[in-house]
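From a predicted model like this one, the values you see are computed outputs, not experimental measurements.
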Amino acid sequence: MRCLIGLAVAAAINAVPAAAQRPGDAIAGLWMNPYNSVAVRAGDCGPKLCGWVAWANAEAKSDAREEGVDPLIGVALLQDYQPSNAKNWSGTIFVPDLGRHFSSTITLLDRDRLKVKGCLIGGFICKSQVWRRIEHLPDA
């Protein structure tokens, strides 16, 4: 009997962190685009998932400035993503060098890789990138 109570208590303690985990927790953190030109910090924005430019190289800043986005650091690229399931989210992506918003999906490929896809014209024309998780922002 004592063993069963101990197992029940242990199961309850282990269940609390999983229950407290939010849908976007797997994506929270720093991500670098495939060109190593922009790093995004993803995290909660209310009940949804968002991502803000945390670092950008000089070329990315210049391209954004040409479209009227200045400063680039702090701009929300990933906006209002909601989970479709455990590995997929849908929302809107802002592309600063185009000055436009597109419907978008994020797919968690594994712990360290995200597929970010943006589409226009009802999803007929799409472009995707695989972003990789980084631990620290690049040196300025």
How many angstroms lie between [atom1] in [X] and [atom2] in [Y], if you round to the nearest 0.5 Å?
{"X": "Leu72", "Y": "Leu77", "atom1": "CG", "atom2": "CG", "result": "7.0 Å"}
{"X": "Asn85", "Y": "Ser90", "atom1": "CG", "atom2": "OG", "result": "9.0 Å"}
{"X": "Tyr81", "Y": "Asn88", "atom1": "OH", "atom2": "CG", "result": "12.0 Å"}
{"X": "Leu108", "Y": "Arg113", "atom1": "CG", "atom2": "CZ", "result": "9.5 Å"}
{"X": "Leu114", "Y": "Thr107", "atom1": "CG", "atom2": "OG1", "result": "8.5 Å"}
{"X": "Gln82", "Y": "Leu49", "atom1": "CD", "atom2": "CG", "result": "10.5 Å"}

Criterion side-chain contact (heavy atoms from CB on, under 4.5 Å) on Thr92 and Asp80, from CA distance to verdict: CA-CA 7 Å; Thr92 302; Asp80 300 326; 5.7 Å; no
Considering all heavy atoms, the nearest Trp89-Ala86 contact: CH2-O, 3.5 Å
Shortest non-hydrogen contact from Pro71 toward Val75: O-CG2, 3.4 Å
Would you give me the side-chain donor-acceptor pairs under 3.5 Å for residues 29-40, sequence neighbours excluded?
residue: Trp31; atom: NE1; partner: Ile27; partner atom: O; Å: 2.7
residue: Asn33; atom: OD1; partner: Tyr35; partner atom: N; Å: 3.3
residue: Asn33; atom: OD1; partner: Asn36; partner atom: N; Å: 2.9
residue: Asn33; atom: OD1; partner: Ser37; partner atom: N; Å: 2.9
residue: Asn33; atom: OD1; partner: Val38; partner atom: N; Å: 3.4
residue: Asn33; atom: ND2; partner: Ser37; partner atom: OG; Å: 2.9
residue: Asn36; atom: OD1; partner: Arg132; partner atom: NH1; Å: 3.4
residue: Asn36; atom: OD1; partner: Arg132; partner atom: NH2; Å: 3.1

Phe124: partners by side-chain contact (heavy atoms from CB on, under 4.5 Å), with sequence neighbours left out: Ile121
side-chain contact (heavy atoms from CB on, under 4.5 Å) involving Ser103 - partner list, sequence neighbours excluded: Cys119
Within 6.0 Å of CD in Glu67, more than 12 heavy atoms from elsewhere: yes
Side chain proximity check, Ile73 to Lys61, heavy atoms < 4.5 angstrom: yes
Sidechain-backbone polar pair: Ser128 side chain, Val116 backbone, donor-acceptor under 3.5 Å: no
Under 3.5 Å, which donor-acceptor pairs link side chains of residues 93-100 to any protein atom two or more places apart or in another chain?
none

Partners meeting salt bridge (Lys or Arg N to Asp or Glu O under 4.0 Å) with Asp112 (sequence neighbours left out): Arg133
Contacts of type side-chain hydrogen bond (donor to acceptor under 3.5 Å, both in side chains), residue Trp131, not counting sequence neighbours: Gln129
Connected via hydrophobic side-chain network under 4.5 Å: Phe102 and Ile106: yes
